[in-house]
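Letters A, B, ... are given to chains in the order of the sequence lines, protein chains preceding strands, and every chain is numbered from 1. Worth saying up front: this structure is predicted, and the values here are computed from it rather than measured.
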Amino acid sequence: MDTPAPNTLDRNERLKSRKVIATLFKTGRSFVAYPLRVVWAVSHAGEHGCATMAVSASKRIFKTAVQRNRLKRQMREAYRLHKQAFYDQLQPHQKHVSLMITYIAKEQLPYTEIDAGMKKLIRKFPFETLGEHKA
RNA sequence: GUCACAGGCCGCUUUGUCGCCUUUCGGGGAGGAAAGUCCGGACAACAUAGAGCACCGCACCGCCUAACAGGCGGAGUUUCCGAAGCAGUUCGGAGGCAUAGAAAGUGUCACAGAAAAUUACUUCCCGCCAUUGCUGAAAAGCGUGACGGGUAAAGGUGAAAACGUGUGGUAAGAGCGCACGACCAGGGCAGGCAACUGUUGUGGGGGAUAAACCUUGCGGGUUGAAAUGCCAUGUACACCUUGCCAUUGUGUUGCUCGCACAGUCUCGAUUGUUUCGGGAGCAAGGGGGGUAGGCAGCGCAGAUUCCGUCCUAGACGGAACCAGAUAAAUGACAAAGACUCCGGCUUGCCGGAGGACAGAAUCCGGCUUAUAGGUCUGUGACUUUA
RNA sequence: GGUCCCGUAGCACAAUGGAUAGUGCAACAGAUUUCUAAUCUGUAGGUUACCGGUUCGAGCCCAGUCGGGAUCA
């Protein structure tokens, strides 16, 4: 398992398979770190890194594609800058994790709040339950 | 110079740090609307003898165009503004217009009104009869009523009322005749490619509605990149058709499956006759079931952009160009400059605030809608200077 | 990326181009009842999504915009 460069986020670290996302929403667990909500599940031991992620913003709340694109880019940026701390805690468990991060606030918040939410998300992630969760 | 209106154009720039997509490793990387999907094409698959009907769409004329319901120019009509005039009207400017046919036929026209499309009613007039009305000596006259005719002028309602005014004519009247005027149809002459305009003479008396049915002319094969072609992954194949090979017969059962017996082919064990055990389909297509990944389609190409010439749209010539993602890249953070607004004063500086609408998904041409701010042109009003 | 449909009172729906847009439920007030429910009587509530056009007249016809929904492997 090779560890990617610290501050990058290329195609292999993003969740792209439609089928995996469907099973993630069906079987995954979730928790909230305002203004973000994460759905996660242990997946097949990955060939690339130790986690894949995707981001999402509701079309019902943010009507235009410009608003949704900006929020998703900011969320990806925050994950990119803080993912190394997440990987460091994930490494001892030897598991591969899929994440779907959703923006749940009702209005567009500044980037500093999204950044703080991402740090809180990584702090709250239940690493101790990884062993009992079946792949 | 300010304000208002109309139209056209632009749609902040640069740098640093950390990143993303693509690449032929040099590089390249959102818009004027990328949006709505309202029109028109390219392209693709399928279908297709020819013609007609049905259905859908379009509708003044000419031109532009690959094409269009788009654009440019013109014609007609209509609204508003201004000027002239007592007024009808005329002239000028700025807009709007789905602008073929109501004299082929059918339908509809609420309420009101006599009547809503061609007839009836009231009225008006004439003739004849009656009269227990009045006058009168009587004849008769006036009135009233019924019947038979002639008219359609008058009826004030309505969005709309059966050509308008004058005159003749008549028992009463009527485009019934005449003069002037308005409208409609088709004809001649002149202008124009044409729509149409002007003029001349002929005929006419039939309201509106076709964004009601309809008629006429023109156009349209259907479906759309989730089209279409290929590869990979992978799953019970029940069933049907065709071909090759022949698993065939008998019994059981209403039929199928299944079971039993016998025969045929084949495989294995046995040296072998024999005996024992196992098996009896394959291929293609349809149908069903499954896959949710990739490649092509998808851009060094095109109805593209810029410049020049002609120029009304547009045409011709030259030069230039590099998005290609697929839970979906084209960014995040920071700084500086330019711009706008507010406040302060030293009147050109300081401080603070702000930057819209919006994100490619095969590609083009239009239309429509959203849009902070800037800029240019034209028109009108006001002010200042010469 | 396409295709199709809808929009009328708080909700569910009507209304042939023709008077002041109706029906049921809900709401409010009154009656009835010891009280409530049920029942009866009455009242209010509408920019017919928006904006233009055709017509004497538009919820209805036509065009554009906005919003909502369904569907296509």
Using the [atom1] atom in both, what is the distance from [N] to [M], to the nearest Å?
N	M	atom1	value
B:rG168	B:rA153	C1'	16 Å
B:rG314	B:rC64	C1'	6 Å
B:rA172	B:rU108	C1'	39 Å
B:rU17	B:rA34	P	36 Å
B:rA115	B:rC121	C1'	8 Å
B:rA102	B:rA211	P	13 Å
B:rG192	B:rC63	C1'	16 Å
B:rG28	B:rC300	P	15 Å

*asked:* With heavy-atom distances below 4.5 Å as the criterion, would you say the side chains of A:Arg14 and A:Thr52 are in contact?
replied: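 A side-chain contact under 4.5 Å is absent here.
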Subject >> Residue pair A:Tyr103 / A:Arg68, side-chain heavy-atom distance below 4.5 Å >> reply: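 When only atoms from C-beta onward are counted, A:Arg68 and A:Tyr103 do not touch, as no gap falls below 4.5 Å.
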Complement of [N], any strand, by Watson-Crick or G-U distances under 3.5 angstrom:
N	result
C:rA14	none
B:rG73	B:rC61
C:rU43	C:rA27
B:rU384	none
B:rG187	B:rU200
B:rA171	none
B:rA154	B:rU122
B:rU379	B:rA4

Report task. Check whether any side-chain N or O of A:Arg80 sits under 4.0 Å from OP1 or OP2 of B:rG331, and answer yes or no. Result ->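 Answer is no, no contact under 4.0 Å.
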task = Look at A:Glu13 together with A:Arg80 and state whether they make a salt bridge at an N to O cut-off of under 4.0 Å.
result =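 No, no charged N to carboxylate O under 4.0 Å.
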Take the protein atom [atom1] of [X] and the nucleotide atom [atom2] of [N], then report the distance between them rounded to whole Å.
X	N	atom1	atom2	value
A:Asp115	B:rG19	CG	C1'	15 Å
A:Met75	B:rG19	CE	C1'	17 Å
A:Phe62	B:rC357	CZ	C1'	19 Å
A:Arg70	B:rA332	CZ	C1'	8 Å
A:Ile21	B:rU326	CD1	P	12 Å
A:Glu13	B:rG19	CD	P	12 Å
A:Arg73	B:rA327	CZ	C1'	14 Å
A:Glu77	B:rA334	CD	P	12 Å

Under a 90° cut-off about 0 for the syn range, is [N] syn or anti?
N	result
B:rG26	syn
B:rG201	anti
B:rG186	anti
B:rA30	syn
B:rG32	syn

Indicate yes or no for a side-chain donor-acceptor contact from A:Arg76 to the backbone of A:Val55 under 3.5 Å, with no hydrogens or angles considered.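 No; zero donor-acceptor contacts below 3.5 Å.
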Discussion item. When you measure from the side chain of A:Lys120 to the backbone of A:Val32, do you find a donor-acceptor pair of N or O atoms at a distance under 3.5 Å?
Written reply: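 Such a contact is absent between A:Lys120 side chain and A:Val32 backbone.
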Practice task
Using a heavy-atom cut-off of under 4.0 Å over every strand shown, decide if A:Arg14 touches base, sugar-phosphate, or nothing.
Solution key: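 Answer is sugar-phosphate: A:Arg14 comes under 4.0 Å of backbone atoms only.
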Check every atom of [options] against the side chain of [X] and return the nucleotide holding the closest atom.
X	options	answer
A:Leu81	B:rA327, B:rC18, B:rA358	B:rC18
A:Gln74	B:rG331, B:rG359, B:rC333	B:rC333
A:Arg76	B:rC333, B:rU330, B:rG359	B:rU330
A:Asn69	B:rA327, B:rG359, B:rC18	B:rG359
A:Tyr111	B:rC333, B:rA327, B:rU330	B:rC333

Take A:Thr64 and A:Val20, find for each the nucleotide of RNA chain B with the closest heavy atom, and name the residue whose nucleotide sits nearer the 5' end.
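Closer to the 5' end of RNA chain B: A:Val20.
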For A:Ala65 and A:Met53, find the nucleotide of RNA chain B closest to each by heavy atoms; which residue's nucleotide sits nearer the 5' end?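 It is A:Met53, whose closest nucleotide lies nearer the 5' terminus.
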Shared ILVMFWY cluster between A:Phe31 and A:Tyr79, side chains joined below 4.5 angstrom?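 Looking at the clustering, A:Tyr79 is in the same group as A:Phe31.
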Discussion item. Side-chain heavy atoms nearer than 4.5 Å, only ILVMFWY residues, links allowed to pass through others: does that put A:Leu90 and A:Leu81 together?
Written reply: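 Looking at the clustering, A:Leu81 is in a separate group from A:Leu90.
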Practice item. Kindly assign one of parallel, tilted or perpendicular to the pair A:Phe127 and A:Phe86, based on the angle between their ring planes and the thresholds 30° and 60°. Key: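 Correct class here is tilted.
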